[in-house]
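Note that ligands are numbered from 1 as they come in the structure, with each ligand's atoms numbered from 1 the same way. Keep in mind it's a predicted model, so treat the numbers as computed, not measured. Nothing fancy with the numbering, it's 1 onward along the sequence.
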Amino acid sequence: MTGPPGRRLSGRHLKGLLVALTLLVAFSVAWLRFAAPAPVAANAASELFSAERALVQLRLLLGDEAPHPVGSAANAAVRERIVARLLALGYQPEVQRGFSCGRYGRCSEVQNIVVTLPGGPEAVLLVAHYDSVPAGPGAADDGAAVAALLEVARVLATSPARRNTIVLLIDDGEEVGLLGAELFMAKHPMAKQARVVINLEARGTSGPSMMFETAGPTAGLVRLLAGALDRPITSSLFSAVYEQMPNDTDLTVFRRGGLVGYNVAFLDDARHYHTAQDNLQHLSTASLQHHGDNALGLLDALAAADLEALSRGGDAVWFDVLGFCVVHWPRGWSLPLALLAVALLWGGAAGAARRQPRFWSGLGWILGATLAVIVLVTTVSAVLVGLLAAAGLVHQFGANSAFPLVGVPAVVAATVCCLVVRTRRVQRQSEAARYAGGWSLWGLLTIAVAVLLPEGSYLFIVPALAAGLVALVARSPAGGGWWVWLASLVLLLVMVLLWFPVVLALVAAVGLFGQLAIGAAYGLMATAAIPVLGLVLPPRTVRDGQL
Ligand SMILES: [Zn+2]
């Protein structure tokens, strides 16, 4: 690129502005979409799930908001109110009583509430637990789920007959060892008919209701979910990460019993979890709405589905795109997709190498710079996130509403990253070398992750495929210059939109204790910035004709 210094400077300013705007829009959109939908009003159409209607029931159920652990008088009072509500809706609820022992040696007398809506020989199970921990009223865990289930029951009471039987199970003794679920699976006659389960949980008091765990082969489950939910927030990565955590829910019992199914929960403000703060005051009505929308959406689809077919087939890799839709592919496709992306990337790089004599040495420098950026941004972000938490500016288990603070490390780290990349050698390289260097490392990572953790491979495959396509097109004589730069900008956008929700999910799931993982996510995101950086930074050492 040559020309009068004045014009080149203004071009750089324009590009810099574009990068800043792209980043601002990408981070903000990803943040705004990683949220529960607005609550539906109490006077909305009766076939809709309304969080305001559900909240009225939840207030009645919780009464004076006394803790109601299994076996307590308050537990009996809550149970009676649930039964009364189901009777008022026209159902004949059954109370299943029994002595049950869990896997951790705790035993107790438990009382499950069961409602059966007859249909075909196979049944879908919708589950929530009504017991709380002794420390608090459990308005979210699992009161919100019980209220959601009752509002779903209200909708079902007036809807037409279905292909499959539906069983609503509001179980007891979950908090002391999944006792109610154990009793249901061991003794209830409907356990034999049940094929698929939807379990509703909470591990915080706000945030989006996410489908974070599955039981059984995932391909069929995810295909059904993709068509059933209005605002899906889910990913095969969440599922893989959750498997590594020591937590258990009722789904564990159903999985052991041979059922397939979904675990759905909201996790934000996890500092309230299992405390007196898990009360009506802190419960987000939007989370309640999302919970209900998810439960009703999945139940509607399952009630009409071939349940036997759902439990066949293999596993999938999946992720939601900003809560708009779910993209999924068979797990076995991950490695071929990764190889295809890398072939495109390296094919493009080879084309550029033929055109530019200093390409390979440039590529080496950019590879080194990319590694440095990943390590640096990871370290700086992790340290900053840790400092923010230590200084009390963000709670370790606060909500994602602390986004501007959680986002600060990204901005600071990106600035550091700019300073690192702004060496003479790196800045002197051609756009093609900067591009190929940045994405070659990415290609290697894509193959490694596709082999080692296919559930998380989408985070690498999607940007690599996009970058590979750009590289392929850029080989043509029309490629290069502004075109490559704009394409790189689009890739930066793709990267942030794909990766930032993972940061938000991490903050919700493991809190800021996951600072190293959060830092690594920022570090990998930053690699997409490298191809555009050289064109944004002031030309410190570049003379005319070098770029
Ligand atoms: Zn719970």
Side-chain angles (χ1 to χ4, degrees), residues 54 58 61-62 65-72 74-75 78-79 82 100 102-104 106 108 110-113 125-150 152 168-185 197-215 238 242 245-256 261-280 282-284 287-288 290-292 294-295 397 508-511:
L58 185 57
L61 289 186
L62 295 180
E65 294 197 70
H68 43 280
V70 60
S72 64
N75 179 278
V78 170
R79 180 171 58 250
I82 296 168
S100 178
R103 285 241 155 157
Y104 313 119
R106 286 284 299 271
S108 178
V110 291
Q111 305 194 31
N112 296 331
I113 304 162
L125 206 54
L126 177 62
V127 183
H129 67 88
Y130 71 90
D131 64 309
S132 76
V133 289
D141 176 19
D142 203 18
V146 173
L149 190 147
L150 291 176
V152 166
L168 307 176
L169 169 62
I170 307 170
D171 70 23
D172 193 9
E174 193 270 352
E175 300 289 4
V176 292
L178 322 175
L179 304 186
E182 297 275 11
L183 179 70
F184 179 85
M185 288 308 285
V197 58
I198 308 162
N199 188 50
L200 301 177
E201 265 293 354
R203 223 210 57 192
T205 51
S206 68
S209 169
M210 302 191 251
M211 200 288 278
F212 69 100
E213 188 195 10
T214 49
F238 301 170
Y242 183 81
M245 293 169 71
N247 311 45
D248 262 334
T249 68
D250 280 340
L251 189 72
T252 309
V253 176
F254 299 121
R255 178 193 285 124
R256 216 189 300 131
Y262 308 93
N263 217 352
V264 179
F266 51 90
L267 319 172
D268 268 10
D269 270 322
R271 63 189 151 152
H272 298 143
Y273 174 61
H274 284 181
T275 73
Q277 306 304 310
D278 181 1
N279 54 19
L280 287 167
H282 290 109
L283 175 67
S284 152
S287 298
L288 179 54
H290 205 189
H291 235 20
N294 287 342
F397 278 106
V510 290

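With a cut-off of 2.8 Å, the Zn ion (ligand 1) has no N, O or S atom of D142 in range. The nearest N, O or S atom of E201 is closer to the Zn ion (ligand 1) than 2.8 Å.
In R256, the CZ atom is crowded: over 12 heavy atoms of neighbouring residues, nucleotides or ligands sit closer than 6.0 Å. Other residues, nucleotides and ligands contribute at most 12 non-hydrogen atoms within 6.0 Å of the CZ atom of R106.
An angle of 90° is found at the Zn ion (ligand 1) between H129 atom NE2 and D141 atom OD1, rounded to 10°.
Considering CD1 of I198 and CG of L168, their distance stands at 10.0 Å, rounded to 0.5 Å.
In summary, the side chains of N75 and D131 do not present any donor paired with an acceptor at a separation below 3.5 Å, with no hydrogens or angles considered.
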